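What follows is one structure encoded as structure tokens, with my remarks underneath.
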Amino acid sequence: MTSKLLSLRDAVGRLVRDGHSVALGCALEPAIPFAFAHEVIRQRRQDLHLVGPISDIAFDQLIGAGCVARVSAAWVGNVSAGLAHAYRRAMEQGIPRRIEVRDHSNFTVAQALLAGALGAPYLPTRTLLGSDIPRANGTFRESTDPFSGDKLLLVPAIVPDVAVVAVQRADEDGNAHLWGPWGVSQEAALAARSVIVLADEIVDRSVIATDPNRTIVPATKVAAVVHEPGACHPSPLQGRYRRDHAFFHEYHRATRDVEGFDAWIEEWVTGVADRSAYLAKLGPRWTALRDTGRPAAEARF
Amino acid sequence: MTSKLLSLRDAVGRLVRDGHSVALGCALEPAIPFAFAHEVIRQRRQDLHLVGPISDIAFDQLIGAGCVARVSAAWVGNVSAGLAHAYRRAMEQGIPRRIEVRDHSNFTVAQALLAGALGAPYLPTRTLLGSDIPRANGTFRESTDPFSGDKLLLVPAIVPDVAVVAVQRADEDGNAHLWGPWGVSQEAALAARSVIVLADEIVDRSVIATDPNRTIVPATKVAAVVHEPGACHPSPLQGRYRRDHAFFHEYHRATRDVEGFDAWIEEWVTGVADRSAYLAKLGPRWTALRDTGRPAAEARF
Amino acid sequence: MVAQAAREIRDGERVFVGMRLPLIAFVVAKRTHAPNAVGLFELGIVRDEPAAELLYTMGDNPNVAGAVWCARTIDLMGLLQRGDVDAGFIGGAEIDMQGNLNTTAIGPDRRRPSVQLPGSGGGADIASLAHRLIVIMPHDKRRLREKVDFVTSPGYGTGGDWRRRGGLPRGGPSVLITTLAVFRFVDGAAVLASHHPGVSVERIREETGWPLSTAADVHETERPSAEVLRIIRDYDPKGFWTRRGD
Amino acid sequence: MVAQAAREIRDGERVFVGMRLPLIAFVVAKRTHAPNAVGLFELGIVRDEPAAELLYTMGDNPNVAGAVWCARTIDLMGLLQRGDVDAGFIGGAEIDMQGNLNTTAIGPDRRRPSVQLPGSGGGADIASLAHRLIVIMPHDKRRLREKVDFVTSPGYGTGGDWRRRGGLPRGGPSVLITTLAVFRFVDGAAVLASHHPGVSVERIREETGWPLSTAADVHETERPSAEVLRIIRDYDPKGFWTRRGD
């Protein structure tokens, strides 16, 4: 078995290029790889195409930091606090730059990534017929079902250059266990050209092999494995740590204007060397979020 | 929470009608609900449309017993022993009756059921282009990808009247945990109009809720829950019992001619009242197949 | 709003719940008249019991612990597209008389909006595919508009058989619950059914951006029972979601 | 056959293994020259180590225990359609010179076959979508035919760019391994590359249903090493699958 263990700095440095399409936040509200987004900002990647259903504030941070040229998403905001200020500034005023948005719904993002995972050119659907989203998105096609004659919308496959998944545990080869909601994480990982796994814990291959049903992505698809505890804060990771609700609200208040946004990025992203420094800065607030959960009922293989 | 617990006799009696399309054996070689197939034979259902990828010998038994008018499958045989004699007799000589076969591959069966599960009219694919299977199947359509101009095959959705899934454990409401290979079981269950769950063990809802990622089908889709230990013999159920290889070979040798087939059905199906009588008849041979497996690594919710 | 929203959930129904007030409405319904209702959450969660504590997002750990199914978004959306979901909740920034909702952007040019909104999320899917849509919004003349700038979630379009002609398999808004009133949709258009206690029809007319049409039996919205108010306050004691009145 | 099949697996490749002899070839390859090969099984299993004991089907409990991924058939087929699978094994009842395989039915009318065969299983998908197809069959004039009655798994069709014109994204048979010989496919047609020890080219010609074409460097098939024979006998001591010679 090969080891694909890299530091997050090296994983982003080697695998994420300017202009790449990057899928992240694919479990929706939980398990968002904020550590990855922050490293991308520190390394000043540009012209990225962000792909994901709802990203909570990760997309907002990347957009405000000027790393993004295009967004394919169903929702960009701050789930528990409201609108996303940096996203608004980019769209309304072109600050720090203009970005292109390809509007989606959660279902069409899921279908586009599933098509990518299946190697299918598109998936046919009846959702959004009558919505203005297809016109705004620009990549869909209206069609007629040859079997029934009904109207259909064809959602073309999305094949991200990179998909990032944060999981509870993985082995060094990239076999990764994720439990809790999967959202569109598996479709994104199987659709992508390369996958970066952020694991809260690195375990021996034999641990993964005791429960292969928990594997969300097999090593054959994985390019890099990063051991990054706490990678998802302020979003939660099931059975490991809870959501830091106040952090989302503090971000919302702090980033109302550009100066506030820049100061926030300086304090929490460019001002810290890496994730461990970030967690150290959080201090007791971080340790208070620990959540050990309850054990799953036994299953024997 | 409502209880959907029924005896297998009542579940088949109430939910399976002559002419129904029935998906079973959807995990491929393991977890085949032979107990269900045998009860269908005992209740003399007719004109069934069997749906499944490969059924090992379950489809052969239903065909030989005269319950089947049509088969939509990728493979009908005896996996470790060879050809399926009853299927051969039906196709080659119309004994006990002529049946219609809609040829599939495992991928097209999976796509047809996934389309049914998604409520999509069809799935587009590049498999089988150049195979004679699409012509023999008769329900597919050739198409052109409007995005690329490439040739495509469109596989229409299959929506079974009934899907039968055998699982390790379920609650009385129908929330069912299956581990080991899923094959096309989840797609079949989500696509079907009604689902019959055969559970090796009935557990409290709280047990299911400790590990919701293991749930293959939610209660909202389930019409009946049957507590039927050993429902899959001679096929295996992960962590519960192993495959009875010899039984498949004995069946192969015993059913070479019609008389042999009828005698086998009399001995193992119509001659036994139910699954517990069948297991009692197996005796020590059955208990010797027990497999307790190894426990999955802990996951905490 | 929450109490009225809870009344819209029938016992045994499969409901796409969503966040904020609808989530609390689901809790109220489960604990009062609809104990067998099942809640579906688009990130891939199905629950037959509400979470043990107040949720800030549907992905909070307590909403996963104790769920009966934790799956993928596509699985839940598949149920929705199949027609296996009875009702869904949705909010919006703007709505018109035909129940078309805008949660995408304010302004004539979607590429250069005057206000960029978060977008559809799963809302447009619920509006397209659920059997019944329940809309909850603050009542404001700038929100209840003659015409919305962008149709994120289709209601009855231009009315009549617009949904069927467009290819939508079913559904459409059944009710619009605002901070002032309850509207029912009749022949694809919103009709004032009831005004909340202490709110005059005149005020509702002033605060509504379309020519108000009123049901013959327009009446006062039923007041929440003491039990319902207790359930709401128990679930959201700090009023994080219900601060703006229930 | 097994020893030659094992040689066709390259280190690090992702291989659709299937059952019977190919499964043992995978074991041999893993334990000799291809320790990093990964095996995919269409019911939804991915293994980077062979199962601990002899398998009668790919769904036997020992093939699940110790797997690194246990998923759904559609996930594995998706990898195959995407082009993420390097090679796949397949057998058949009939094959023609262009590598088209029949595992469906013998006879002119598929609806009234003279011999009903089990069908494609995943074979036709592997033949359609894998980068490289490895075919293993008993050598028999009635099996290696001028023309097959039914094309279950497409090879090179009528030859030339038939696959591309038909819409297949890639692939086709690279080798046909029989009980007597090894054929390589050159410009979409089978060419005799080597004869097994003690088998004459004349006998192969007699046992082959198409006009035999022979490579310039036709030679004797490399004999399996003692180590390979030991691995095979250790894995299948009773010769359940390898009885008919390895």
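The model shown is predicted, which means the values in this text are computed figures rather than measured ones. In what follows, chains are A, B, ... by sequence order, proteins preceding strands, each numbered from 1.
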What part of [X] gets closer than 4.5 Å to chain B, counting heavy atoms only: side chain, backbone, both or neither?
X	value
D:Leu129	side chain
D:Ser114	backbone
D:Thr73	both
D:Ala124	both
D:Trp162	side chain
D:Arg165	backbone

Parallel, tilted or perpendicular, judged at 30° and 60°: which one describes the rings of [X] and [Y]?
X	Y	result
D:His139	D:Phe183	tilted
D:Phe240	B:His249	perpendicular
B:Tyr241	B:Trp286	perpendicular

Chain D heavy atoms under 4.5 Å from [X]: which part of the residue, side chain, backbone, both or neither?
X	answer
B:Ser235	neither
B:Leu129	both
B:His85	neither
B:Asp150	neither
B:Ala27	backbone
B:Arg98	side chain
B:Pro181	both
B:Ile133	both
B:Leu237	backbone

Mind ranking [options] by heavy-atom pairs under 4.5 Å with chain D and telling me who comes out on top?
options	value
B:Val101, B:Asp56, B:Asp103	B:Asp103
B:Gly183, B:Ser185, B:Ala110, B:Pro30	B:Gly183
B:Gln93, B:His104, B:Glu92, B:Arg89	B:Glu92
B:Arg294, B:Gln186, B:Arg243	B:Arg243

Between [Y] and [X], is there a salt bridge with N-O shorter than 4.0 Å?
X	Y	result
B:Asp132	B:Arg135	yes
B:Arg88	B:Asp60	no
D:Glu13	D:Arg132	yes
D:Asp86	D:Arg14	yes
B:Arg169	B:Asp200	no
D:Arg143	D:Glu94	no

TODO: May I ask you to decide if B:Leu83's main-chain N or O and B:His252's side chain share a donor-acceptor pair within less than 3.5 Å?
DONE: yes
Open item on the list: Can you confirm whether more than 12 heavy atoms, excluding those of B:Arg256, are under 6.0 Å from its CZ atom?
Closed with: yes
TODO: State, yes or no, whether a side-chain contact exists between D:Ile95 and D:Trp210 at a heavy-atom distance under 4.5 Å.
DONE: yes
Open item on the list: Is any side-chain heavy atom of B:Glu187 closer than 4.5 Å to one of B:Trp182?
Closed with: no
Open item on the list: Tell me which of these, D:Asn100, D:Leu76, D:Ile74, D:Asn61, has more heavy-atom pairs under 4.5 Å with chain B than the rest.
Closed with: D:Asn61
- [ ] Give the member of D:Ser153, D:Gly123, D:Ala71, D:Pro113 that has the highest number of heavy-atom pairs under 4.5 Å with chain B.
- [x] D:Pro113
